[in-house]
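Naming: A, B, ... by sequence-line order, numbering from 1 per chain.
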Amino acid sequence: MEQGEITAFIGPSGCGKSTALRCLNRMNDLVRGFRFDGHVHFRGKDIYHRSVDPVAVRRYIGMVFQQPNPFAMSIYNNVAFGLRLNRVKDDIPERVERALRGAALWDEVKDKLKNSGLSLSGGQQQRLCIARAIATEPTVLLMDEPCSALDPIATRRIEELMTELKEKYTIAVVTHNLQQAQRVADKTAFMYVDTTQGGRTGYLVEYEDTNRLFQDPKEEFTKQYIRGEFS
Amino acid sequence: MATADIMSPGNMATERNGKNVVIDCCIKNIYYGNFHAVRDAHIPRGTG
């Protein structure tokens, strides 16, 4: 995944898109029984190396989830939370404002920073979560179906925001929405699920420039999926 | 080397097609217990 680009993961339900995404910042470490075979190199360094602290990984590789999940605290404190967790002590008000501006939320909340984050609309809550994620100035932003709980207008706002954010952050996004992948992603990975061994094991079928993958897919499964022959 | 040094930006950019590769990902297998969740999810170099 290259700097300043958006990579989309698409594919039917249960094909491992979110599982793969969560490997990129060691979120799966929190799941009992998780085992990983392979490598993820962040700027050339193995994030699964035993000397690497997963909390430090998540400081540089932030995540936004499917459901907006602001904490039950003020808008200001929601954004400041990650900074305090990472022991940032200087310039917290300035960093909070910068993150809220970066998430295109500042103008809507600047006069009510003490209000609860839960008082915001769904779309605003998701942008608050994006502000919380970018407050620590990560390098990579992982987004797991960030718009699936939002209405079309809020979805479009988040998509515009992703396009703005890619100037500063490398983004990987899981989406069920093929049009969304086409609108925002530079590269697209199509995953499918193998049921031939009696289980349900996801695998990567094709990874390409988004335009090429949608206009001239190499693999038959990809063709069928983007034609809507299965979902 | 301390964790912070390993992860600090600017230390170790790798390059492909003139662009910085931020994440190089090769997932051979992911298991949750006995459940084989993902295999062969390697984003290949030199594509795209």
A/T175 and A/N177 side chains, donor-acceptor separation under 3.5 Å: no
A/R84 and A/N77: side chain donor to acceptor below 3.5 Å: yes
Verdict with reasoning, A/N28 to B/Y32, per side-chain hydrogen bond (donor to acceptor under 3.5 Å, both in side chains): CA-CA 9 Å; A/N28 284 321; B/Y32 294 126; 2.7 Å; yes
Pairing of A/E137 and A/K168 as salt bridge, 4.0 angstrom limit: no
Per-residue contact mode, [X] against chain B (heavy atom under 4.5 angstrom):
X	answer
A/T170	side chain
A/V40	both
A/F9	side chain

